[in-house]
Structures are given as structure tokens and as C-alpha cells.
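To start, the structure under review is shown below, and the notes come after it.
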Amino acid sequence: MQQQPGYSPIRYMLALAFFWLMAITRGYCDGPQATPSIFAPASTPAHEIYSFSFFVLAITGAIFVSVASLLVYVMIKYRARAGEEESEPPQVYGSVQVELAWTIIPVLIVAVLFLTTARIIFAIQDAPEPKSALNVTVIGHQFWWEFRYPQLGIVTANELHIPVSSKQHPQATYLRLLSADVDHSFWVPQLGGKTDLIPNHPNEMWYQPTATGMYVGQCAQFCGVEHAKMLIRVYVDTPEQFQAWVANQQKAGVEDPKVAAGRHLFETEACMNCHTVRGTAAKGTFGPDLTHLMSRSTIAAGAALNTPEDLHKWIENPANFKDGALMPAMQLSDQQIDDLVAYLTTLH
Amino acid sequence: MADQPVPIAGPLEVAYPTRGTFLEWLHSWVTTVDHKKIGIMYIVYSLFFMMVAGAEAMLIRIQLAIPNNHAISPEMYNELFTMHGTTMVFLVGMPILFGLANYIVPLQIGARDMAFPRLNAFSFWLTAFGGFLLYYSFIGGFGLYGMGNAPDAGWFAYAPLTLRSFSPGHSIDYWAAALILSGFGTLGTAINIIATTLSMRCRGMTLMRMPLFTWLLLVVSGLTLVTITPLTAAQVMLLLDRYAGAHFFDAQAGGSPLLWIHFFWVFGHPEVYVLVLPAFAVANEVIPVFSRKAIFGYPAMVAASVGIGFTSLAVWAHHMFTVGMSAAGNSFFVLSTMVVGIFTGIKMFNWLATMWGGSIRFATPMLFCIGFLFQFLIAGLTGIMLAAAPWDWQLHNSYFLIAHFHYVLVGAIVMCIFAAVYYWYPKAMGRRLSETLGKWHFWVFVIGFHMTFDTMHFVGFLGMPRSIYTYEADRGWNTLNMVISIGAFIQTIGVLIFAWNLVYSYFYGEEAGSDPWDAWTLEWATPSPPPVYNFATEPEVRSRRPLWDIKHPQDPDWKYEP
Amino acid sequence: MSTVPLFTDESWQMPSKGKVAMLSLIIGECGIFGIFLAAYIFYLGHNLSGPTPSILDVPVFNTVCLLSSSLTIWLAERAIERGEIRKFGALWGLTILLGLEFITGTALEWYALIYRDGLTISTNLFGTTFYSLVGLHATHVVVGLVGLTTIMIFTLLGKVRQEHAHRVQVFALYWHFVDAVWVVVFTVVYLVGR
Ligand code: HEA
Ligand code: HEA
Ligand code: CUA
Ligand SMILES: [Cu+2]
């Protein structure tokens with residue numbers, strides 16, 4: 001058994017370091033990205049976590065390098081050599097001093113780690129809510145998100161709009177997290193950590209985004225069949241864009257006589273039992289509010305694009321995009337669906 | 001030296017019964033109360049389920065290899081990962097540890113059997129039926145279109161998703177009932193191991209002379225008592241909710257889903273240490289023998305294990321940093337979690353010190369243990385990263401978490417299971433496993449392992465959550481997921497080499513003799529395989545390494561041990 | 001290592017495996033009770049509707065009976081140790097009667113709660129947690145009674161002798177545990193929780 005230690009931790013360390021670098025550098029361009037990397041923060045709590053993570057990485061990295069090098073050293077230095085088969089090395093049974101040393105050093109490391117961690121926890125979790133903060137109530141439903149802006153009287157779904165924060169106009173958004181059915185978790189990596197939505201246990205989290213654009217995220221707690229298609233889009237708007245968006249959302253549903261057929265269908269088929277279109281008879285709350293459906297670029301929590309074709313396919317049978325969605329296929333004729341889609345596409 | 005007869009192997013001539021018919025053979029296994037046969041049944045049972053759950057993992061990886069894949073339906077995917085996790089934890093990790101304990105513990109403490117042989121057999125069959133009941137759900141559960149339906153709510157089965165309003169049918173009932181059943185089996189075996197180690201030790205085997213393997217299994221069994229019972233209690237509550245109209249987790253009636261999360265992790269966290277301590281136990285045996293040195297700091301090792309056992313009862317909420325606990329609550333669990341790292345560090349350093357100054361032989365069991373040391377180091381450190389709560393708000397339920405726990409569960413536990421099988425197979429079967437195949441197995445498996453699980457950390461950083469059956473093509477996760485899946489296939493090849501080795505060496509392996517590794521604990525004083533009664537005469541010991549004392553009469557251990 | 005005589009004294013004594021096993025079982029049971037107690041305490045005052053713990057009557061007599069059964073079983077243990085089988089049988093029988101009284105008392109209490117106060121397991125959170133916790137304990141009493149009765153039958157058949165003292169004591173541990181848990185359940189449900 002003259003083998004070299006063979007197992008080469010050094011190679012893995014290098015490979016690992018390389019991958020770390022790759023993952024981390026991805027984040028160095030500012031603003032929103034297609035890949036929701038936690039190393040590309042664009043909002044205050046995410047920034048704090050980002051810097052904190054390097055602190056933790058440095059400590060654990062140092063521990064890794066020292067212990068792994070020790071292991072490699074021991075394997076090379078003390079491997080059995082030719083001629084050693086018959087003799088036994090000197091037997092050592094232990095040493096109290098050494099034991100103490102390798103107990104106390106980790107204790108100190110843990111003390112440092114713990115104190116820093118606790119400081120960050122308190123800083124983020126107990127940050128006082130500013131008076132100017134925008135409040136949004138996020139309600140998790142099986143496979144879609146409901147957003148309510150109590151101060152503004154807006155109800156919308158799946159795509160959250162919040163204002164950007166700047167030095168001149170610091171602007172925080174406080175999310176109140178509720179659940180209508182089972183546990184969910186709200187996670188937009190570039191903006192902050194995740195927080196769960198648990199029935200009977202209201203939670204809170206906040207963002208203070210620093211760069212505008214569209215950020216992606218998704219539900220991070222398994223919540224049933226279509227957990228994978230419970231995506232989130234957060235639009236961080238300039239104050240002007242946000243004002244414009246708010247003004248539009250506050251209007252009632254648009255009325256267009258050209259699509260009366262579709263509207264009639266919507267209000268006579270089951271649609272209105274589950275969906276609301278403000279200003280009409282449709283006041284259901286089981287499904288997403290459709291008053292301004294056209295202001296969103298995706299439907300069904302990101303499962304499909306908000307185009308007439310996809311809308312058609314969705315109404316025809318939601319399982320076309322989302323197998324377990326809680327909206328039934330209503331067995332409508334193509335003509336009926338076309339009318340419905342025509343109506344829906346007027347809801348700007 | 002290796003085949004030098006040791007006195008307690010004894011003068012009794014063993015008359016092996018002549019081969020009977022297949023039915024007789026089967027009967028002898030089904031009705032056996034011999035701890036060695038039960039141990040082997042446990043191990044075979046769990047290796048079988050390791051294949052099954054591994055195959056489930058492969059299906060998961062096929063589905064995730066490319067974005068927007070339709071290889072597997074969403075419903076099926078959810079069943080697969082739930083069954084994969086549940087199986088690996090309850091039908092692989094737990095039974096294999098009890099299998100090893102059953103086989104090795106009585107031999108190591110010089111006993112002729114477990115304290116309660118019939119309870120032992122009963123516990124095994126309970127566990128076994130639990131496992132088969134769980135799998136029966138694939139065909140027997142009341143599912144859509146009359147098809148079977150397996151549990152599909154994750155191995156953590158968070159209520160209220162598991163209540164009847166969200167999970168009609170019987171899939172969750174299978175989950176709860178099967179685990180309650182196997183839980184009682186587990187409890188029985190744990191009690192048995194405790195009674196055996198505390199009351200059946202041979203003369204001279206004081207607690208502080210017990211081999212560390214046995215010590216750790218004692219700690220594990222103690223931990224099991226207070227770990228598996230909360231799960232049973234919570235599952236009973238779940239069933240009461242589902243069938244008796246109770247409201248424990250029913251939010252409509254004011255019940256608290258949060259309570260389930262607490263209850264589950266009160267079980268779930270100590271459970272992971274229940275799984276890892278036996279792995280440590282194996283390393284405690286293998287590393288000294290192949291470094292040719294006594295374990296360094298035996299008392300510290302014992303103390304650290306007991307310390308891990310106790311501390312692990314107070315850290316469960318580190319799985320719950322995102323449920324919205326108070327800042328003080330979060331901080332407490334950060335601290336308690338990191339304290340476990342200190343105890344574990346003590347073990348790590350003692351292993352290194354054992355190898356220090358030794359004469360290390362890289363036989364297959366040792367290779368796996370070195371892989372374990374290296375991988376466990378990383379796994380522990382990613383655990384510390386998760387324990388840093390603010391970072392965990394990002395990492396929780398991402399593939400980084402999946403990577404962390406597979407690093408422990410595969411990189412540490414499965415590796416040590418392999419080490420254990422290579423190490424004790426000669427004792428149980430009388431033949432060694434092939435070293436060549438063993439080396440192939442090790443290298444192929446390790447390469448696959450690192451491809452799969454190193455990469456998982458990075459998709460985690462890039463925001464990929466767990467439990468998703470598919471993902472969008474534009475998220476930048478495509479290549480990494482492909483690498484992960486390829487790695488998983490390489491692992492499968494490694495496992496198949498292992499399976500082949502088990503079969504091949506059974507027929508053609510090198511004769512092992514009683515003590516192929518030149519080891520020091522009592523099990524190596526018996527013939528391989530040991531006779532039903534284990535020891536012809538009851539052994540007596542005066543140190544931690546009785547066989548060392550015999551082999552080195554001029555320089556025995558008991559002169560030095562404190 | 002029979003070749004090397006290492007020990008000359010005969011003092012190598014191990015703890016009784018029966019007792020170790022029973023104590024382990026008891027520790028395990030503590031886990032189950034702990035979770036049900038935690039749920040009970042957690043939900044105190046969380047009721048949305050229906051009866052609350054204030055409707056409970058404190059079962060003083062029941063409690064006295066159950067606790068004194070611990071005393072009688074202990075006396076029975078001493079009796080069998082000394083080989084006084086008749087005395088053992090009498091005390092053992094008394095223990096069973098006390099246990100039966102307790103379980104009957106619980107049954108009457110539940111009857112009243114269900115038909116007088118309309119409280120069932122599905123009424124509200126109080127019902128859920130109360131019946132499951134007290135029911136869990138009652139189940140243990142029933143299991144204990146089955147065990148006690150079995151030993152009683154053997155005693156009446158004259159099969160129990162002095163050498164069985166140890167086994168009887170192991171079983172008695174379980175009964176002591178059932179009593180001890182009642183002290184906790186009683187305190188939580190009837191004293192603190194009301
Ligand atoms: C056997 C299995 C096992 C083991 C041993 C561990 C060990 C550890 N685990 Fe892990 N863990 C799991 C299995 C395991 N875990 C599983 C299955 C999950 C997920 C469950 C699910 O959600 O489905 C999980 C999840 C999990 C979480 C929750 C994350 C989340 O859900 O967001 C956390 C957070 O703290 C954590 C931390 C730790 C820590 C700190 C250790 C420590 O014990 C590690 C200690 C070891 C070391 C630290 C290395 C050696 C020490 C030194 C070299 C000394 C010097 C070091 C210091 C001073 C720090 N684990
Ligand atoms: C001991 C525990 C253990 C082990 C060993 C493994 C091993 C593996 N696991 Fe698993 N895993 C868990 C415990 C474990 N896992 C748990 C607890 C979860 C969480 C579940 C949940 O969220 O509910 C999980 C979840 C989990 C996921 C996440 C699923 C999701 O969240 O969507 C993934 C994804 O890649 C995965 C992959 C793998 C792979 C590739 C392996 C590989 O190492 C497997 C290697 C292959 C084999 C060991 C066997 C191969 C052999 C064959 C295929 C033989 C062919 C068949 C016959 C001859 C009959 N696991
Ligand atoms: Cu909602 Cu997952
Ligand atoms: Cu844990």
C-alpha cells in the first residue's frame with residue numbers, strides 16, 4: 001500500500017476558489033439581472049447581507065484552508081512507507097494542553113462570529129419603520145401572489161411595483177406578509193433575504209432598493225403542485241414611473257363597448273366568482289384581481305406571457321402552462337375565449 | 001500477525017448446520033433473533049432502499065438537467081423528492097446505523113447477544129413493515145384517477161399543506177402511519193442498544209474502556225429516545241387533525257402552522273445528528289486502525305459526543321430563521337448552533353492528531369474516511385454559513401442548503417457507511433471485498449460527488465430554490481444543473497461498482513481470516529463470520545484495545561491509559 | 001482473555017437491563033408527553049370560540065386515588081421482595097382498583113364535558129388540546145392497567161413468586177411514571193391553565 005494520498009484536496013481547493021470567484025464576480029455589475037444572484041445586491045438589506053457574507057466567508061475560508069492543509073500534510077508526511085509494515089509507530093494517547101488549545105481557539109472564533117451575526121440580525125430586523133415608508137400587504141395564495149397597497153387603495157397580483165430609494169429621497173417599502181392557505185416564502189435575492197408567509201403568523205420585511213429595473217424571484221417554501229411556478233417580479237420604479245403606475249392602478253376597470261360580448265361572458269360564466277374587475281359586477285377574490293391585467297407583462301405568476309395567444313391558451317385550459325393551477329378549464333368554445341381575451345386585453 | 005489466533009476465539013468446535021432447502025433458509029432468517037443476522041438484515045434492507053432512493057434522485061436529476069423539462073410531471077416530481085428524502089433519512093440512514101450497531105456492539109463489548117433478542121427482531125420487522133407500507137403508497141394510495149399516490153409534501157411535511165383541505169386522499173396518511181410504525185421499531189432498537197451497552201459489557205469493560213464506536217451508538221440511542229418520540233407525537237396530532245376533527249394546525253380555527261414547523265425541527269435537527277454520529281463512530285474505528293495509532297484524546301472524544309448530543313437538542317430553530325422569530329430568538333439559535341461546531345471541531349482535531357505521527361495505510365476503508373474528513377470539514381463550514389442567520393435569509397431553502405446537507409449526508413454519512421461496509425464485510429462474510437474494485441468505487445464516487453454537490457452550492461448562490469420541478473431557461477442555471485446531473489450519474493456508476501463488489505467478493509473474495517486489518521477491538525477476536533454465540537469464553541479486558549494488549553504483551557495499553 | 005487472568009474479584013456488576021430499558025422507555029415517553037404539553041400550553045388562551053378551560057372541575061379525588069396507587073404499588077413491591085405473596089396480591093389488587101377509579105373518573109368527566117358543555121375534540125382548540133393530552137395520559141393508564149391485571153391474574157393463579165420481584169419492580173417503574181406524569185398534566189391543565 002504505497003499509494004500516494006491520491007485524494008487531492010489541493011486541486012479541489014483551487015477549483016472551489018475558482019467557482020467562488022465566478023459566482024461572486026457575476027454580481028459586480030449593478031442593477032437587475034436575469035440571474036437572481038445573492039452576490040448582486042440592489043437594496044439595503046441585501047447589501048448588508050452581502051458584506052456580512054464576505055465576513056463569514058473569510059472566517060470559514062480561513063478555517064477551511066488551515067484544517068485542510070493540516071489534513072494534506074498529515075496524509076503526505078505520515079503515510080506508510082516501505083518497511084513499516086511490521087513495526088508500529090509510537091503510541092500517543094492524548095494531551096490535555098493540546099485539547100484545551102483546540103477548544104479555546106474555536107470558542108473565540110465562535111464568539112466573534114456570534115457577536116457580528118447578532119449585530120446584523122438586530123440591525124436588519126429591528127430597523128425602525130420610517131413614517132414615509134410605503135406599505136404593501138403580500139398575500140400568498142396557492143401558486144400566485146396578491147399585493148395590496150392599503151395607503152393607495154390598490155390591489156394587484158404577481159408583479160410588485162415599488163419606488164426606488166436614493167440619497168435625496170430615502171424611500172423604504174415595508175411588506176406585511178400573510179398567507180391565504182399554506183406556507184409560502186417571499187424571496188427576491190437581489191433585494192433581500194426571504195421571509196415566510198405563514199397562516200396565522202403575520203410577518204414583516206423591508207426593502208430599500210438602490211437601482212431601478214425588474215428583479216426576479218420566486219416562492220421559496222414548498223407549497224404544493226405548482227410551487228415551482230410561483231414566480232415573483234418586482235419593478236423598482238423611479239418616483240415618476242411609480243406615480244404614473246399608481247395613478248393608473250387607482251382607476252376603475254376600463255369600459256369599452258366593442259368588447260361587450262367578452263365582458264358579458266366574463267360576468268355570466270364562472271369567471272366573476274373568482275376574479276375582480278373593479279367597477280363591474282365581478283368581485284371574486286379567489287383568483288388574481290384583473291382590473292389592470294394589461295399592466296402586467298406575465299400571467300399566472302410568471303408561468304406565461306401576457307399576450308393574447310397565451311391568454312387564450314390559459315383560459316382554454318390553465319394546465320397548458322400550470323398543471324395544478326387552481327383555476328378550472330371552463331370548456332368554452334374558441335369563439336367565446338376569443339371574446340374573453342378581447343375583453344381582457346382592454347383592461348389596461 | 002493478522003491470523004494469529006486469539007484465545008477467546010476459543011476451543012468450541014463450531015458445527016455449522018448443513019444447507020437446507022430454500023424455505024428452511026428463509027425461515028431461519030425470518031425467525032432469527034441472532035443479533036448478527038438481524039444486523040445483516042437491517043443493512044441489506046437499507047442498502048436496498050439506498051438503491052431505490054438513489055434511483056429516485058436520478059429521476060429528479062433527469063428532470064432538472066435541462067430547463068422547462070417535461071420528463072416528469074409536477075405531481076410525480078413532488079412525490080419523488082419527498083420519497084427520496086424520507087427514504088434516505090428513515091429507511092437508509094436510521095436502519096443502517098441500527099444494523100451496524102446490532103452487528104458490532106455486542107461483539108465489541110464481549111457480549112453474546114443484545115439485551116433483548118426478541119425485542120430486537122420485533123423492532124426490525126416493525127421498521128421493515130414501516131418501509132414497505134411507505135412504498136405501498138405508490139400503488140395503494142388513493143390518488144388522482146385511482147392511481148396510487150405517494151406522499152408529496154416534502155420530508156418536512158409542513159402543515160397546513162398536509163391537512164385534508166390541501167392534501168385530500170391518503171398520501172399523507174401513508175407518510176404519517178409508516179413513520180409512526182417504523183418509529184416504534186426505532187425506539188425499540190434504541191432501548192435495546194442502551195440496555196446492551198449499559199448492562200451486557202464483559203468483565204473489565206468499564207464505560208471508559210468501551211470502544212468509541214459503541215460509545216457513540218450509546219449516545220445516538222439516547223438521542224433517538226428524545227428525537228423520534230416528538231415526531232411520533234406530532235404525527236399523531238396531524239392524524240387527529242385529519243381524521244378526528246382536531247385543530248392543532250388548522251389556521252381557520254386559530255391553530256398554528258408555525259407550531260408544526262417547531263415540532264418537526266425539534267425532531268428534525270437532533271435527527272441529523274442521530275445520522276451523523278454513527279458515521280463518526282465508524283471513523284473512530286477506522287482511522288486509528290489504519291493509522292496504526294490509538295485514538296488521540298479518548299476522553300475528549302467521549303465528552304464531545306455527549307456534548308453534541310445535548311447541544312443538538314437546543315438548536316432546532318436554525319431551520320427557522322425565516323419564519324419570523326424575534327431578533328433575540330434568532331440570535332440565541334445562532335449561538336447554540338455554532339457551539340455545536342466547537343464540539344465537532346474537537347472531534348475533527350482529534351482525528352487529525354490520531355493520524356499525526358502514525359503510519360497511514362490507504363486501504364479502501366481509510367480512503368473513504370479521509371474523504372469523509374475532507375468533505376465533512378466543508379459541510380460543517382457551510383453549516384456555519386447557514387447558521388449565520390442574516391445570510392441564511394438568503395441561503396435558506398436554496399440549492400446551497402441542499403448542497404450543505406448532501407455534503408453531510410452523502411459526503412460524510414454515506415462515505416462512512418461505505419467505509420464501514422469495507423471494514424466489517426470480512427468479519428460478517430468471511431471474505432474481503434476486492435480492493436481494486438474498492439478503489440474504483442471510491443474514485444468514481446468521489447468524482448461524481450464533487451461534480452454534483454460542489455456545483456449545487458453555486459446554483460444556490462444564483463438564487464435557485466429547492467423543491468422546484470422545473471425552472472426558467474433564462475435564469476443562468478442551465479449549465480450548472482447539467483453538471484450536477486452528470487455528476488449524479490457518475491455517482492450511480494460508483495454505487496453500481498460497489499454493489500458488484502458486494503456480490504462478486506461474496507463468492508470470489510480473498511479469505512479474510514479472523515483479523516484481516518490487524519485491529520484491536522474484540523470483534524476481531526472471533527472467527528469470521530462469528531459463531532452464533534460469538535465468544536466461546538466470556539472475554540475479559542483491561543484496556544480500550546484488548547487485542548493490542550494481546551499482540552504486544554510487552555507494551556500493553558493498560559500501562560498508559562489514565 | 002482466559003489465558004491472562006486479569007480479575008480475581010467477583011465484583012463485576014452491571015446495572016439491571018430491565019431497569020435500564022424501562023428507564024429508556026420512560027425517557028422516550030417524556031418526549032411524547034413533552035410535545036403534547038407544549039401544544040397545550042401554546043394554545044392556552046388562543047381559543048376562538050366555545051368553552052374554555054374555566055369549565056373544568058378539579059378532579060381532586062381522582063388525583064388522590066392515582067397518587068396513592070403509587071404508594072400501594074410500592075408497598076406491593078416491598079412485599080414481594082420479602083416473599084409475602086398474599087400481601088403482594090392484596091396491595092396489587094388495591095392498586096388496580098385505584099387505577100380503575102381514576103379511569104372511571106376521567107370517563108365521567110369526559111361524559112359531562114361532552115354532553116353538558118358540548119366540548120368535543122373538534123369544538124375548538126381547547127377541546128383539541130385537552131382531549132389529546134388528557135387522553136394520552138388516560139391511554140397510558142389503560143395500558144398500565146392491562147399490565148397490572150395480567151400480573152394480578154398470574155398472582156391469583158399462584159404463578160408469581162419471590163424471584164419475580166425484579167420483573168415486578170421493573171413494571172412498577174412504568175406505573176410510577178404514569179403517576180408522575182399525571183402530576184405534571186394536572187398542574188398544567190387544572191391548576192395553571194384554568
Ligand atoms: C447529518 C447531517 C447534518 C449535520 C451533521 C449537520 C451539521 C450542521 N448543520 Fe446542517 N442540515 C442538515 C444535515 C446536517 N447538518 C440537513 C438535512 C438540513 C436541511 C433540512 C431540510 O431543510 O430539509 C440542514 C440544515 C441546516 C441549517 C438550516 C438552514 C436552512 O434551512 O436555512 C443550518 C443552519 O444553521 C445548519 C447548520 C449546521 C451546522 C452549524 C452544523 C454543524 O454541526 C457542523 C459542525 C462542523 C464544523 C463546523 C466543521 C469542523 C469544525 C472545525 C474545523 C472547528 C472550527 C470551526 C469553528 C470554530 C466554526 N444545517
Ligand atoms: C442520506 C440521505 C441522502 C442521500 C444519500 C442523498 C443522495 C442524493 N440526493 Fe438527496 N435529499 C435528501 C437526502 C439524501 N440525498 C433529503 C433529506 C432531501 C430533501 C427532500 C425534501 O426536500 O423533502 C434530498 C433532496 C434532494 C434534491 C432536491 C430536490 C428538490 O428539492 O427539488 C436533489 C436534487 O438534486 C437530490 C439529489 C441527490 C443525489 C443526486 C444523490 C446521490 O448521492 C445519489 C447517488 C445514487 C445512489 C446512491 C444510488 C444509485 C443506484 C442506482 C440508481 C441503482 C439502480 C437501481 C437498482 C439496481 C435497483 N436530493
Ligand atoms: Cu408558494 Cu411555494
Ligand atoms: Cu439542523
Side-chain angles (χ1 to χ4, degrees), chain A residues 1 3 7 9 19 23 34-39 49 52-53 56 60 63-64 67 70-71 74 78-80 84 88-89 91 93-94 99 102-103 106-107 110 113-114 117-118 120-122 124-126 182-183 185 189 193-196 198-201 203 218 220 222 224-225 227-228 323-324, chain B residues 74-75 154 158 160-161 166 251 256-258 292-294 296-297 300 322-324 327 330-331 334-335 338 342 345-346 349 352 355-363 370-371 373-374 377 381 384-385 388-391 393-394 396-397 450 458 461-463 465 467-470 474-476 560:
Chain A
M1 291 188 208
Q3 285 218 339
Y7 195 79
F19 270 116
T35 301
S37 165
I38 66 170
F39 290 119
I49 295 173
F52 172 67
S53 69
V56 180
T60 48
I63 297 177
F64 172 72
V67 181
L70 255 171
L71 179 62
V74 168
Y78 297 107
R79 69 187 189 279
E84 273 179 21
E88 301 279 19
Q91 301 293 305
Y93 298 90
E99 296 287 348
W102 64 47
T103 310
V107 168
V110 164
L113 260 175
F114 165 66
T117 310
I120 306 281
I121 293 179
F122 278 91
I124 295 179
Q125 241 183 293
D126 288 359
V182 301
D183 299 350
S185 191
K194 61 183 76 62
T195 307
D196 296 351
I198 301 173
N200 270 355
H201 182 78
N203 272 333
Q218 69 191 83
F222 182 67
V225 195
H227 158 69
D323 219 359
Chain B
E75 293 84 356
Y158 278 5
L161 184 58
F166 301 106
S256 166
L258 185 60
R292 310 305 311 154
K293 271 186 68 209
F296 189 92
T322 62
V323 303
N330 278 334
S331 304
V334 169
L335 181 60
M338 289 184 176
I342 301 175
I346 296 178
F349 295 126
L352 284 176
M355 293 164 69
W356 190 281
S359 165
I360 304 171
R361 325 234 146 133
F362 294 96
I370 287 173
L373 284 181
F374 177 68
L377 173 65
L381 293 173
I384 296 293
M385 298 180 199
W391 203 7
W393 296 333
Q394 289 283 17
H396 173 71
N397 275 3
H450 283 278
F458 301 106
F461 285 152
L462 300 183
S467 320
I468 54 172
Y469 68 84
T470 193
D474 62 359
R475 290 290 157 95
Y560 304 99

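None of the values given here were measured: they were computed from a predicted structure. Lettering of chains follows the sequences in order, A, B, ..., and the numbering in each one begins at 1.
The two atoms that bring A:I198 and B:P257 nearest to each other are CG2-CB, 4.0 Å, heavy atoms only. Nearest approach of A:A220 to B:N397, heavy atoms of both residues: O-ND2, 2.8 Å. Closest of all the heavy-atom pairs between A:E99 and B:A300 is OE1-CB, 3.3 Å. A:T35 approaches B:R475 most closely through the heavy-atom pair OG1-O, 2.8 Å. Shortest non-hydrogen contact noted between A:V74 and B:I360 is O-CD1, 3.7 Å.
Of the atoms belonging to A:I121, heavy atoms from both backbone and side chain fall under 4.5 Å from chain B. For B:L161, the parts lying near chain A are the backbone and the side chain together; criterion is any non-hydrogen pair under 4.5 Å. Interface residue B:F349: backbone and side-chain heavy atoms are both found under 4.5 Å from chain A. Of the two parts of A:I124, only the side chain, counted from C-beta on, holds a non-hydrogen atom closer than 4.5 Å to a non-hydrogen atom of chain B.
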Go through the steps for B:W393 and A:T195 under the test side-chain contact (heavy atoms from CB on, under 4.5 Å), then give the verdict.
CA-CA 7 Å; B:W393 296 333; A:T195 307; over 6 Å; no

Report the C-alpha distance between B:W391 and A:I38 in whole Å, list the side-chain angles of each, state the deciding distance to 0.1 Å, and finish with yes or no for side-chain contact (heavy atoms from CB on, under 4.5 Å).
CA-CA 10 Å; B:W391 203 7; A:I38 66 170; 3.5 Å; yes

- Item | side-chain contact (heavy atoms from CB on, under 4.5 Å) between A:N200 and B:L258, intermediate numbers included | CA-CA 8 Å; A:N200 270 355; B:L258 185 60; over 6 Å; no

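For A:Y78 and B:W356, the ring centers are positioned less than 6.0 Å apart. The aromatic ring centres of B:Y158 and A:F222 sit 6.0 Å or more apart.
Counting heavy atoms from C-beta on, the side chains of A:V67 and B:L373 never come closer than 4.5 Å.
Each of A:G324, A:P106, A:P199 has some count of heavy-atom pairs under 4.5 Å with chain B, and the biggest count is that of A:P199. For the set B:P390, B:G297, B:S467, B:G463, the count of heavy-atom pairs under 4.5 angstrom toward chain A peaks at B:P390. Between chain B and the residues A:G224, A:G193, A:A118, the most heavy-atom pairs under 4.5 angstrom are made by A:G193. Ranked by heavy-atom pairs under 4.5 Å with chain A, the list B:S331, B:A389, B:A251 is led by B:S331. Each of B:A388, B:G324, B:S359 has some count of heavy-atom pairs under 4.5 Å with chain A, and the biggest count is that of B:S359.
One distance of note links CG of B:L352 with CG of A:L70; it measures 6.0 Å at 0.5 Å rounding. Note: A:S185 OG to B:H396 NE2 = 6.0 Å, rounded to the nearest 0.5 Å. To the nearest 0.5 Å, the span separating CD1 on A:I63 from CD1 on B:I384 amounts to 7.0 Å. The structure places CG of B:N330 at 11.0 Å from OG1 of A:T117, a figure rounded to the nearest 0.5 Å.
The main-chain N or O of A:V225 is never found under 3.5 Å from a side-chain atom of B:E75 such that the two would form a donor-acceptor pair. Here the side chain of A:Q91 pairs a donor or acceptor atom with the backbone of B:R292 at under 3.5 angstrom. When atom types are taken as modelled, the side chain of A:N203 and the backbone of B:V323 share a donor-acceptor pair closer than 3.5 angstrom.
For the residue pair A:D196/B:T322, the side-chain donor-acceptor check at 3.5 Å is satisfied.
Between A:F64 and B:F374, the two ring planes are tilted [angle within 30° to 60°].
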